[in-house]
Peer 1: 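Mind looking over this structure? Questions follow.
Please read these numbers as outputs of a predicted model, since none were measured by experiment. In what follows, every chain begins at residue 1, and chains take the letters A, B, ... in the order their sequences are listed.
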Amino acid sequence: MGNIVLKQITKSFGDVQVIPPLDLEINEGEFVVFVGPSGCGKSTLLRLIAGLEDVTSGEISIDGTNATEVPPAKRGLAMVFQSYALYPHMSVKKNITFPLKMAKMDPAEQERRVAAAAKVLNLTDYLHRRPGQLSGGQRQRVAIGRAIVREPAAFLFDEPLSNLDAALRVNMRLEISELHQTLKTTMIYVTHDQVEAMTMADKIVVLQAGFIEQVGSPLELYHNPRNKFVAGFIGSPKMNFIEGADAQKFDAHTIGIRPEHLTLSTTEGMWKGVVTVAEHLGSDTFLYVNVEGFDAMTVRVNGEFSVKHGDTVYLSPDPEKLHRFDQQGLRIA
Amino acid sequence: MATAHSRSAARLMLSPAVILLLGWMIVPLSMTIYFSFLSYNLLMPGMEEYVGFLNYEYFLTDPAFFAALFNTLMLVGGVLVITIVGGVALGLLLDQPIWGQGIVRILVIAPFFVMPTVSALVWKNMFMNPVNGLFAYLAKAVGLQPFDFLAHAPLLSIILIVAWQWLPFATLILLTALQSLDQEQLEAAEMDGASFGNRFIYIVLPHLSRAITVVVLIQTIFLLSVFAEILVTTNGGPGYASTNITYLVYAQSLLQFDVGGGSAGGIVAVILANIVAVFLMRMIGKNLEA
Amino acid sequence: MARNVSNTRKALVTAVAWTIGILIFFPILWTILTSFKTEAEAIASPPSFLFFDWTVENYVEVNSRSNYPLHFMNSVIISIGSTLLGLLIAIPAAWSMAFVPAKRTKDILMWMLSTKMLPPVGVLIPIYLLFRDFGLLDTRIGLVVVLTLINLPIIVWMLYTYFKEIPGEILEAARMDGAGLWDEVVHVLTPMAIPGIASTLLLNVILSWNEAFWTLNLTAAKAAPLTAFIASYSSPEGLFYAKLSAASTLAIAPILILGWFSQKQLVRGLTFGAVK
Ligand SMILES: Nc1ncnc2c1ncn2[C@@H]1O[C@H](COP(=O)(O)OP(=O)(O)O)[C@@H](O)[C@H]1O
Ligand SMILES: [Mg+2]
């Protein structure tokens, strides 16, 4: 249960094609993350899978059957919305029970499932509250509870953590990952935050303007980005790109070096630059360095490295971990 | 959020309202147009005949028509001016911190709940009556001749009565809008050295424009067809001094039973209302978009 | 403008506001007071304000002279009936315009509102004749139908603005949860929109209660609501101030009380959702 295949699907709003022909296979039990900049069509793709939008052309099949024309309720998928979309006039319990009631499930079974979900999600003490009386994290859990009681073939999440504060976001990220470990159900998760994608996914789908730029495991994308876009999008801080004569030296149009793959020295190195900002985090040091002829470069050094604004430093790339791209931005193997 | 399925459901759910309103517009309106080309009097059934534009000719050349047109415009314009100016002033006043704000608001809203026939009769008899009315008493108390409002200033009297009924509406809407004005904007303007007058003109008034649009729109709809107030106070008189288009058409059709003439008048009223509507819709289109 | 102001200033503003409030309310207050006077006291000069012999004889007289309960019931049935019928037609329409907007939705809404601009006299004669021919003159059902139609655009508009405030994601969630259209509207949309629906209902009951063009022109006796009942005091009975006042008080009291009790919802309703 939970195998989803998209075949040549497209979506247009009026004359604007938001999703060009796209193929994708999501395997049973996988945690798949759609990641890409805002407006690239992640939500649209998710809503096509959910059935909340019609595809303009193409075919969606779920567990081997064609689901293209099947209404959302009948696809056996559950969705957690960015705004949580809880029913404000119903108690937590009623919210979670609603899909079961709609399915006309046996009341005893309803009780059992709701109690089980509440236990997993630590909501047992809040069952009689209204959503308005809950904190952001609790609301998020109710929304997840409403999804899991149905025992769906797959879960769809649309930026579920973007309304939470930073600390809570890390917590919920872990909870969702744990939930996936326990349930082993297919999950499709949309986010614009590459950290979420890297930490949670089995498989990441990088989208740009509706196109799939690359599909792969987090580390595959990190080590072998297919093109400049993926290279720049995955990894934090962002990869540094250098064009021109310095790139030619490596037989490339553009070279890319991740901040953590630069060695820093106060005495010698390939490129000489001046520190503009130094961020000392204790565990790491981030430096923003102006190198003549380049854009500002970012460097990440493990531990403490005492330099300050205005100091001169030397940078050298780790040649093993250097990425080379051609004129079209494609990776040169 | 739309699939073909939900779109067809939506069309299905919208259609009763659209069909009913379409029917309500088209059926009677086409009958009115048809009647307006007939010589048709309810007292002489069976004598209908086609007379072309004769009814329109009579209606439009009747001096009563020009009087009624003028009165209609005066009535709508007068009430709008009074209620908007009064509403802004009252809104500003009630937006201040005062004791018993809730009660004052209740007092100010009350006239909106009074049916037109009651308010017209109460004003006519108990206030404006030149012998026993309260105004007559007050005039006499300060040594003036009582003034016979409805005989000597019938239109103005009706404007006052109608304005009294609509002032609460304007006040409430403008007050609500004022309450949503960002306090920091006013404070920033104050820091920038804007005087009270300037703050009103450059910040408060622009903020109110949307609310004023709503007031103008809704009130115009109702004011164009003021009827009961005229019926129970002056019957449109003396002469045609307080007849508006609505009352003129009513008198022609249901008092003189002249269906043809009344219908022509009705169509003229529809055309005039459309001119006003186009004008208003432009205004809302601009102001209500957002 | 909630700011710390001196108490003197607050007292001054309070005095001005109360004076104006009482002046605006005065005609109603005066009518209610007069209804408890004898005819002689009602026209006494100088007028007596509170110190007169309070009497309820006017109410007794008004009731014996005319059938107040009948007109009251007519008003109730006509205003509530037309409002409920209007809501029944308008809720689905507003749902579809708010949540499944199409290219022409804005135009349809504008067009609906523009039918409100159609002056009643433009259709007075055909409606009158149709009512005569179908035996609907002076019937409650006839008035319910007409008032439903004339208030429908405003009901749709108001509901539309309220529905617009409800996030579409919640309805989509319901759809994902397996709710059909019916469940979606009944279990999710309507309960969430209750405050908006209540405001709409109240405002329309009031507008219909006070509607005085169709009620005056299409009724005679049987189905006459309070607007028409009062119009019969036009003259010469209007000169009997105490009785006129008693009848007037009876006609406006129900709505005045309803309006005061539901002030909050009403204010929301009155702004037609267009002003926040
Ligand atoms: N209902 C719609 N009508 C028209 N355009 C839409 C609609 N929904 C989304 N779009 C457009 O489709 C593109 C992708 O949107 P979306 O899938 O929401 O992006 P993301 O979730 O990646 O931020 C955007 O350019 C957006 O403007
Ligand atoms: Mg999105």
Peer 1: Are the side chains of Val100(C) and Arg11(B) in contact, using a 4.5 Å heavy-atom criterion?
Peer 2: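 Arg11(B) vs Val100(C): side chains apart.
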Peer 1: Which atoms of Leu175(B) come close to chain C, meaning under 4.5 Å heavy atom to heavy atom: side chain ones, backbone ones, both, or neither?
Peer 2: neither
Peer 1: Between Phe227(B) and Asn217(C), is a side chain to side chain contact (heavy atoms under 4.5 Å, CB included) present by the stated rule, with each step listed?
Peer 2: CA-CA 10 Å; Phe227(B) 170 74; Asn217(C) 281 312; 3.8 Å; yes
Peer 1: So which part of Leu130(C) gets closer than 4.5 Å to some heavy atom of chain B, the side chain, the backbone, both or neither?
Peer 2: side chain
Peer 1: Under a 4.5 Å cutoff for heavy-atom pairs, which residue among Pro16(B), Gly23(B), Ala269(B) has the most contacts with chain C?
Peer 2: Ala269(B)
Peer 1: Which bit of Leu90(B) comes within less than 4.5 Å of chain C, counting heavy atoms only: side chain, backbone, both or neither?
Peer 2: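 Side chain only.
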Peer 1: Just so I understand: if I count every heavy-atom pair under 4.5 Å between each of Val276(B), Val122(B), Ile33(B) and chain C, which residue has the most?
Peer 2: Val122(B)
Peer 1: Between Trp30(C) (side chain) and Leu134(B) (backbone), is there a donor-acceptor pair under 3.5 Å?
Peer 2: no
Peer 1: Measure distances from Tyr128(C) to the heavy atoms of chain B and classify the residue's part below 4.5 Å as side chain, backbone, both or neither.
Peer 2: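 The side chain, not the backbone.
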Peer 1: Identify which part of Thr249(C) has an atom lying under 4.5 Å from any heavy atom of chain B, answering side chain, backbone, both or neither.
Peer 2: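 Neither part, no heavy atoms under 4.5 Å.
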Peer 1: Is chain C contacted by the side chain of Leu21(B), its backbone, both, or neither, given a heavy-atom distance below 4.5 Å?
Peer 2: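 Both the backbone and the side chain of Leu21(B) come within 4.5 Å of chain C.
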Peer 1: When rounded to the nearest 0.5 angstrom, what distance separates CG in Asn125(B) from OG1 in Thr34(C)?
Peer 2: 11.5 Å
Peer 1: Of the backbone (N, CA, C, O) and the side chain (C-beta and beyond), which part of Ile108(C) lies under 4.5 Å from a heavy atom of chain B, both, or neither?
Peer 2: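 Only the side chain of Ile108(C) comes within 4.5 Å of chain B.
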Peer 1: Would you give the length of the straight line joining atom NZ of Lys10(C) to atom CD1 of Ile98(B), rounded to the nearest 0.5 angstrom?
Peer 2: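 Going from the NZ atom of Lys10(C) to the CD1 atom of Ile98(B) covers 9.0 Å.
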Peer 1: Considering only heavy atoms and a distance below 4.5 Å, find which of Val104(B), Val249(B), Ile106(B) pairs most often with chain C.
Peer 2: Ile106(B)
Peer 1: Return the option, out of Ser225(B), Ala228(B), Ala110(B), with the maximum number of heavy-atom pairs under 4.5 Å with chain C.
Peer 2: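 Maximum pair count with chain C is reached by Ala110(B).
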Peer 1: Quick check against the 3.5 Å criterion: does Thr117(B) have a side-chain atom that pairs as donor or acceptor with the backbone of Thr227(C)?
Peer 2: yes
Peer 1: Would you mind checking which part of Ile255(C) comes under 4.5 Å of any heavy atom in chain B, side chain (CB onward), backbone (N, CA, C, O), both or neither?
Peer 2: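 For Ile255(C), heavy atoms of backbone and side chain both lie under 4.5 Å from chain B.
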Peer 1: Quick check for you: among Ile103(B), Ile245(B), Leu231(B), which has the greatest number of heavy-atom pairs under 4.5 Å with chain C?
Peer 2: Ile103(B)
Peer 1: Please classify the contact of Trp164(B) with chain C as side chain, backbone, both or neither, using a heavy-atom distance under 4.5 Å.
Peer 2: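 The side chain, not the backbone.
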Peer 1: Which one of Tyr34(B), Tyr250(B), Tyr137(B) has the most heavy-atom pairs closer than 4.5 Å to chain C?
Peer 2: Tyr137(B)
Peer 1: Considering residues, nucleotides and ligands other than Phe26(C), do more than 12 of their heavy atoms fall under 6.0 Å from its CZ?
Peer 2: yes
Peer 1: Check the pair Trp24(B), Val146(C) against side chain to side chain contact (heavy atoms under 4.5 Å, CB included), reporting the backbone distance first and the verdict last.
Peer 2: CA-CA 9 Å; Trp24(B) 169 248; Val146(C) 168; 4.1 Å; yes
Peer 1: Is any side-chain heavy atom of Ile28(C) less than 4.5 Å from a side-chain heavy atom of Val114(B)?
Peer 2: yes
Peer 1: Grab the two heavy atoms, one from Thr31(C) and one from Met126(B), that are nearest each other, plus how far apart they are.
Peer 2: CA-CE, 4.0 Å
Peer 1: Is Val18(B) in contact with chain C via its backbone, its side chain, both, or neither, using a 4.5 Å heavy-atom distance?
Peer 2: both
Peer 1: Please flag which part of Leu181(C) lies under 4.5 Å from any non-hydrogen atom of chain B: side chain, backbone, both or neither.
Peer 2: side chain
